[in-house]
Chemist: 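There's a structure below that I have some questions on.
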Amino acid sequence: MQVHKLYVLLIVFLPFTVESQNCSGLPELLKFNTGNAVTTIKAWEKHKKELKKQFDEEMFGTQPPVPKGVRYKVVHETATAIGGKASRKRVNLYLNNLDHPLELLIYYPNGVKKAPAFLGYNFWGNHTVTFETDIPVTAQWSRNNNIIQDHKATDKMRGFSASRWPVEAIIDAGFALVTLYHGDVDPDFDDGFMNGVHGLYPREKYSWGTIAAWSWGLSYVMNYLEKDNRIDAKKVAVVGHSRLGKVALHAGATDERFALTISNNSGCGGAALSCRKKGETIKAINDRFPHWFTANFKKYNEKDDSMPFDQHQLIALVAPRPVYVASADLDAWADPEGEYLSAFLAGEVYRLYGLNGLKSDKMPAVHAPFHEGSVGYHIRAGKHDITLYDWQQYIAFATKRFCL
Ligand code: GCU
């Protein structure tokens with residue numbers, strides 16, 4: 001064959017060459033671990049189990065089964081939140097012997113019988129999501145910052161994260177918003193897996209790290225949402241920013257009840273391909289956050305480009321349910337291009353289901369969102385954050401995918 005014809009063939013058949021990205025060993029999505037090709041949906045469903053097991057054993061750790069049912073109590077309710085546009089409920093969920101409840105803060109759009117919903121953790125407690133004065137300050141462990149000392153949350157942080165939770169825009173679009181503090185489920189520090197929900201299960205049996213514990217917590221919340229008659233439980237989008245975006249992806253990959261999965265600036269261990277070694281590396285994340293993943297994951301320190309798995313496979317586990325990945329152009333630590341490429345590569349599995357993924361291996365320009373298929377993407381100008389612009393894209397994509 002003439003050399004130029006070979007080039008043409010390569011260009012036509014290889015949607016994305018990863019050699020130039022330190023990614024020559026990147027595992028192919030549509031191949032069993034034996035190397036046999038995955039060509040049907042049935043075969044993919046089988047391969048999915050292999051991949052799930054690999055992520056459990058090598059990266060996130062094995063979770064205990066999510067308890068069936070839910071114990072809960074509505075602790076407060078008002079029909080006149082957000083200038084009368086929303087109802088607001090505080091609901092406590094109880095778990096086995098956990099000494100404190102998981103405290104849900106829920107806004108429902110008034111006038112919508114059963115609302116589709118966004119569900120996501122917040123970083124600092126429910127009182128930081130809003131300036132409303134009647135949301136109690138979390139009593140759980142908080143990370144120290146220039147306001148918080150001795151890991152004790154304070155009223156001074158009220159509304160601190162309000163820009164990340166544009167409740168009114170979400171309500172105006174006809175969605176409910178469900179949020180809770182991730183520290184209710186597991187405190188975000190290396191405590192030898194003793195505190196939070198880790199303490200409820202034997203370590204010998206369950207190797208879950210904190211990301212898997214947070215994701216498990218979201219599944220427990222879903223048990224409640226299935227019982228809440230103002231929520232359309234078939235239309236719940238799980239969403240998270242940064243470490244909580246890693247959690248959203250894990251939750252979407254492990255619990256099929258999440259109808260849409262949204263990863264905002266999730267970076268290493270989330271949407272970004274590790275093999276590229278751009279931004280945060282596996283060693284960097286394991287060194288700073290040894291509790292996020294299972295012990296086995298440490299063996300990949302400095303082996304980012306030779307792992308038997310990578311993050312495009314995690315995204316693909318969400319298929320055929322829609323998934324959305326978002327980046328910010330100044331967020332080099334999260335490797336925006338790596339986030340885009342793994343979302344692009346996951347499209348292969350969506351195509352197997354007859355659905356569309358991202359069209360091109362070239363990243364779109366900033367503020368040029370792609371919402372046409374089952375894999376959504378945008379890159380925003382600015383730093384690592386979740387902003388009104390990001391939420392506007394999620395609302396638009398969810399409205400489309402949920403056929404609202
Ligand atoms: C750190 C960490 C990231 C994480 C981020 C966050 O920067 O290295 O992996 O996504 O914190 O959660 O804010």
Side-chain angles (χ1 to χ4, degrees), residues 66-74 76-82 84-93 102-122 126 129-130 165-180 215-240 244 247-264 318-324 353 355 371 373-376 390-404:
V66 177
K68 296 259 176 289
V70 60
R71 280 198 296 132
Y72 69 93
K73 189 172 169 200
V74 177
H76 184 259
E77 204 169 355
T78 164
T80 56
I82 320 290
K85 290 178 175 181
S87 300
R88 196 195 68 199
K89 243 197 229 174
R90 287 172 33 225
V91 184
N92 286 355
L93 308 190
L102 314 186
E103 299 184 13
L104 301 187
L105 174 62
I106 312 182
Y107 295 89
Y108 307 84
N110 283 339
V112 180
K113 259 199 175 146
K114 260 185 172 311
F118 290 101
L119 162 65
Y121 281 119
N122 58 71
N126 293 345
V129 165
T130 163
W165 299 96
V167 185
E168 192 163 357
I170 294 169
I171 290 295
D172 284 346
F175 287 83
L177 173 67
V178 185
T179 186
L180 70 160
S215 144
W216 182 96
L218 291 176
S219 289
Y220 190 61
V221 173
M222 191 64 195
N223 288 2
Y224 167 76
L225 297 181
E226 287 181 324
K227 294 209 179 320
D228 187 322
N229 58 19
R230 291 196 65 178
I231 301 280
D232 182 348
K234 297 261 178 288
K235 293 187 177 143
V236 174
V238 61
V239 55
L244 302 176
V247 176
L249 276 179
H250 187 271
T254 50
D255 189 336
E256 295 191 355
R257 293 176 298 172
F258 294 118
L260 164 62
T261 300
I262 302 168
S263 141
N264 189 88
V318 178
R321 289 161 296 133
V323 67
Y324 198 114
Y353 283 95
L355 300 165
H371 290 175
S374 293
V375 183
D390 297 312
W391 277 101
Q392 284 165 338
Q393 310 318 307
Y394 304 146
I395 290 168
F397 188 74
T399 302
K400 234 183 199 168
R401 296 283 80 84
F402 290 165
C403 302
L404 300 173

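Starting from 1, each residue takes its place in the sequence as its number.
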Chemist: Determine whether a donor-acceptor pair (N or O, by modelled atom type, separation under 3.5 Å) exists between the side chain of Arg321 and the backbone of Phe258.
Modeler: yes
Chemist: Should Val238 and Ile262 count as side-chain neighbours, where that means a heavy-atom distance under 4.5 Å?
Modeler: no
Chemist: What do the steps show when you test Asn264 against Tyr324 for side-chain hydrogen bond (donor to acceptor under 3.5 Å, both in side chains), and what is the final call?
Modeler: CA-CA 8 Å; Asn264 189 88; Tyr324 198 114; over 6 Å; no
Chemist: Are any non-hydrogen side-chain atoms of Ile170 and Val167 less than 4.5 angstrom apart?
Modeler: no
Chemist: Write down the atom of Ser374, the atom of Leu355, and the distance for their closest heavy-atom approach.
Modeler: OG-CB, 3.7 Å
Chemist: Are the side chains of Leu404 and Pro116 in contact, using a 4.5 Å heavy-atom criterion?
Modeler: yes
Chemist: Mind listing the closest non-hydrogen atom pair of Ala176 and Ile231 along with its distance?
Modeler: CB-CD1, 3.7 Å
Chemist: Using the rule given for side-chain contact (heavy atoms from CB on, under 4.5 Å), can you reason through Leu249 versus Val323, listing the C-alpha separation, both sets of side-chain angles and the distance that settles it, and then say yes or no?
Modeler: CA-CA 9 Å; Leu249 276 179; Val323 67; 4.2 Å; yes
Chemist: Could you give all pairs that pass the salt bridge (charged side-chain N to carboxylate O under 4.0 Å, His left out) test and reach residues 393-404, with sequence neighbours left out?
Modeler: Glu372-Lys400
Chemist: How about Lys85 and Asn110: do any of their side-chain heavy atoms sit closer than 4.5 Å?
Modeler: no
Chemist: Any idea which heavy atoms bring Ala248 and Thr261 closest together, and the distance?
Modeler: O-CG2, 3.4 Å
Chemist: Please report the interatomic distance CG(Asp390) to CD1(Ile395), rounded to the nearest 0.5 Å.
Modeler: 11.0 Å
Chemist: Hey, what do you get for OG1 (Thr179) to CG (Asn122), rounding to the nearest 0.5 Å?
Modeler: 4.0 Å
Chemist: Under a 3.5 Å threshold, yes or no: a donor from one side chain and an acceptor from the other, between Arg230 and Ser87?
Modeler: yes
Chemist: Do Val70 and Lys227 come close enough that some side-chain heavy atom pair is under 4.5 Å?
Modeler: yes
Chemist: Would you give the length of the straight line joining atom SG of Cys403 to atom NZ of Lys235, rounded to the nearest 0.5 angstrom?
Modeler: 7.0 Å
Chemist: Atom CG of Leu180 and atom CG of Leu119: how far apart are they, to the nearest 0.5 Å?
Modeler: 7.0 Å
Chemist: Evaluate the criterion side-chain contact (heavy atoms from CB on, under 4.5 Å) for residue pair Leu260 and Phe397; output intermediate values, then yes/no.
Modeler: CA-CA 10 Å; Leu260 164 62; Phe397 188 74; 3.6 Å; yes
Chemist: Ring centroids only, cut at 6.0 angstrom: are Phe118 and Tyr394 within range, meaning strictly under it?
Modeler: no
Chemist: How long is the gap from CG on Leu177 to OH on Tyr107, to the nearest 0.5 Å?
Modeler: 7.5 Å
Chemist: Show your working on side-chain contact (heavy atoms from CB on, under 4.5 Å) between Ser215 and Thr254 and close with a plain yes or no.
Modeler: CA-CA 8 Å; Ser215 144; Thr254 50; 3.8 Å; yes
Chemist: Return the set of residues passing side chain to side chain contact (heavy atoms under 4.5 Å, CB included) with Val112 (not counting sequence neighbours), or none when no residue passes.
Modeler: Pro109, Ala115
Chemist: Determine whether Leu105 and Thr130 make a side-chain contact, defined as any pair of heavy atoms from C-beta on separated by less than 4.5 Å.
Modeler: yes
Chemist: By the definition side chain to side chain contact (heavy atoms under 4.5 Å, CB included), identify the one residue from Tyr72, Tyr224, Tyr220 that meets it with Leu102.
Modeler: Tyr220
Chemist: Could you report the tightest heavy-atom contact between Val66 and Ser219, atom names first, then the distance?
Modeler: CG2-CB, 3.6 Å
Chemist: Could you tell me whether the side chains of Arg257 and Asn223 share a donor-acceptor contact shorter than 3.5 Å?
Modeler: yes
Chemist: For Arg88 and Glu77, what are the C-alpha separation, side-chain angles and deciding distance, and is it a side-chain contact (heavy atoms from CB on, under 4.5 Å)?
Modeler: CA-CA 6 Å; Arg88 196 195 68 199; Glu77 204 169 355; over 6 Å; no
Chemist: What distance separates Lys89 NZ from Thr78 OG1, expressed to the nearest 0.5 Å?
Modeler: 12.5 Å
Chemist: Using side-chain heavy atoms (C-beta onward) and a distance below 4.5 Å, is Met222 in contact with Val236?
Modeler: yes
Chemist: Which pairs, with at least one residue in residues 102-114 and sequence neighbours excluded, count as a salt bridge (charged side-chain N to carboxylate O under 4.0 Å, His left out)?
Modeler: none
Chemist: Do Arg90 and Leu104 touch side chain to side chain, with heavy atoms closer than 4.5 Å?
Modeler: no
